[in-house]
Amino acid sequence: MPQTSTSSISRVVSDSHCPARTFERPDGLTVVHQYVPHSPVVVTDVWVNAGASVEPDDWSGMAHFLEHAIFKGTDRLGPGYFDAAIEGCGGLTNAATSYDYAHFFITTASPYFSETLPLLSELLLHAAIPEDEFFREREVVFEEIRQSQDSPDDLLFEATLETVYQNHPYRRPVLGTQQSLLGRSPADLRQFHRSHYQPQNLTIAVVGGISELEALDRIDDCFQNFFPNPGCPQAIITPEPPIRGVRRRELAFPRLELARLNLTWTGPGIDHLDDAYGLDLLSMILASGRSSRLVRELREQRQWVQGITSYFSLQRDSSLFTISAWLEPRFLDAVEQASLHQIHRLRETPVDPLELARAQRQLCNDYAFSTETPAQLAGLYGYYQILSRADIATRYPQRIQDFQPDNLRQIARQYLSLQNYVVTIGVNEQ
């Protein structure tokens with residue numbers, strides 16, 4: 001293995017407290033590396049800045065479909081060869097697509113890093129997308145779409161996105177629709193791939209028992225010879241206007257035993273990260289654990305809900321703050337009003353310091369538990385680098401600890417309006 005770097009990848013100045021270091025090649029390819037000396041494994045997680053939000057409306061679903069088609073091989077690797085090779089050395093591989101990204105990762109014992117990386121780069125850079133595999137795999141994606149259409153919770157989430165977002169691609173399902181995918185050809189999917197899978201759109205996170213020099217040299221060697229960029233239709237993303245008024249939508253489902261209630265607000269994107277972290281804390285205070293406000297009041301004391309939770313989902317442009325409850329239909333209005341009452345309290349009265357300390361401790365513990373393995377760290381760095389910068393990921397615990405009660409009151413007032421939000425309800429159709 002090479003012991004000295006001959007690559008053209010240069011170090012990017014980053015937070016010295018971050019154990020990972022970030023590098024960039026002149027063509028824009030980014031590498032984030034952390035050496036974990038005692039780890040017997042290495043994780044390579046390739047993040048592509050080409051999720052569902054880059055698709056124009058009539059190309060909806062292409063990013064996710066491409067994630068499937070990538071694994072159908074290249075001119076040099078037949079379908080199934082990559083999976084068999086990774087399994088053959090005891091490794092794991094998988095992929096995922098969201099609105100802001102797609103990513104592909106492999107986990108292997110460290111000695112197999114140099115052997116498996118060329119296979120991953122071959123798949124990602126030179127996907128052939130044969131016509132017969134295009135039509136075969138499209139049926140697999142159609143089945144995924146049909147399964148999501150059978151899930152009341154998935155349909156209610158889609159309805160929530162359609163109601164929250166009036167213009168942004170976040171309003172469309174990541175899977176696309178059968179209609180949108182039937183309108184596209186194998187040539188379209190190749191065009192999408194060759195336009196977006198370019199070096200400036202790639203971040204490769206490598207964490208584990210592999211040295212920095214070896215990782216950089218091997219990546220520089222393997223991630224060359226990209227297809228020429230043919231250009232591709234792009235989504236036009238305009239700033240999403242604030243929600244005005246209360247938007248309501250109700251869906252009826254057959255054989256739905258418990259009603260669903262979702263209350264949703266839009267939050268900041270990655271550009272206002274401190275506010276996003278504050279909303280993380282507010283969601284904890286509202287509905288995480290038996291001592292949180294809504295769980296204690298609505299499930300433990302009043303028994304109006306079977307379950308209730310709150311979640312803040314950070315996205316690049318416009319995030320979501322959601323309260324979700326499972327309940328008997330007769331309690332729908334009461335639970336909405338009780339939830340708004342707790343929002344009102346957060347806007348008017350500083351959170352008790354002990355309550356804030358509990359939420360801070362819970363979030364910091366969650367962060368610690370979710371950053372224990374090379375796979376978790378590679379995912380964390382890749383996610384933050386694709387949205388902003390990898391090194392800010394490790395500041396999370398300190399930022400959470402810095403919040404004071406009045407900070408949270410200001411954030412609740414700014415983002416959690418009592419007059420402007422979205423309500424989506426799922427009930428039994430009878």
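Remark: aromatic rings of H33 and F23 are distant, center separation not under 6.0 Å.
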With a cut-off of 3.5 Å and sequence neighbours excluded, list every side-chain donor-acceptor pair involving residues 387-398.
residue, atom, partner, partner atom, Å
R389, NE, D391, OD1, 3.1
R389, NH2, D391, OD1, 3.2
R389, NH2, D391, OD2, 2.5
D391, OD2, D15, N, 2.7
T394, OG1, D391, O, 3.1
R395, NE, D15, OD2, 3.1
Y396, OH, D280, OD2, 2.9
Q398, NE2, D402, OD1, 2.8

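Side chains of Y421 and E336: a donor-acceptor N/O pair is present below 3.5 angstrom, by distance only. No side-chain N or O of S318 forms a donor-acceptor pair with one of T266 less than 3.5 Å apart. Inspection of the E24 and S10 side chains reveals no N or O donor paired with an N or O acceptor under 3.5 Å. Side-chain contact, H196 with N201: no donor N or O sits under 3.5 Å from an acceptor N or O. Side-chain contact annotation: E240 with H168, donor-acceptor N/O pair under 3.5 Å absent. Side-chain contact annotation: Q34 with Y381, donor-acceptor N/O pair under 3.5 Å present. Of the N and O atoms on the side chains of E297 and Q342, at least one donor lies less than 3.5 Å from an acceptor on the other residue. Side chains of R249 and N262: a donor-acceptor N/O pair is absent below 3.5 angstrom, by distance only. E144 and H68 share a donor-acceptor pair across their side chains, judged by distance under 3.5 Å alone. Donor-acceptor pairing under 3.5 Å is lacking for the side chains of Q376 and T371.
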Exercise. Can you check salt bridge (charged side-chain N to carboxylate O under 4.0 Å, His left out) on R172 and E55, steps first, answer last?
Worked result: CA-CA 10 Å; R172 295 189 267 100; E55 305 158 345; 3.4 Å; yes

Problem set entry | From CA spacing to verdict: salt bridge (charged side-chain N to carboxylate O under 4.0 Å, His left out), R218, E115 | CA-CA 10 Å; R218 201 69 178 124; E115 180 181 327; over 6 Å; no

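Judged by distance alone, the side chain of S310 and the main-chain N or O of I323 form no donor-acceptor pair under 3.5 Å. A donor-acceptor pair under 3.5 Å is formed between the side chain of Y170 and the backbone N or O of D317. Distance alone, capped at 3.5 Å, is enough to place a donor-acceptor pair between the Q198 side chain and the F227 backbone. The backbone N or O of P268 lies less than 3.5 Å from no partner atom in the side chain of D275, so there is not a single donor-acceptor pair. Judged by distance alone, the side chain of S148 and the main-chain N or O of I145 form a donor-acceptor pair under 3.5 Å. Judged by distance alone, with hydrogens and angles left aside, the side-chain atoms of R25 form no donor-acceptor pair with the main-chain N or O of I9 at under 3.5 Å.
Summarising the geometry of L281 relative to F403, their closest heavy-atom pair is CD1-CD1, 3.5 Å, with the distance given to 0.1 Å. Closest approach of W59 to C232, counting heavy atoms only: CZ3-SG, 3.8 Å.
For the pair R399 and Y277, the cation does not sit on the ring face, since its NZ or CZ is not both under 6.0 Å from the ring centre and inside 45° of the axis.
Checking F192, F135, F134 one by one against F65, the ring-ring contact (aromatic ring centres under 6.0 Å, His included) holds for a single residue, F134.
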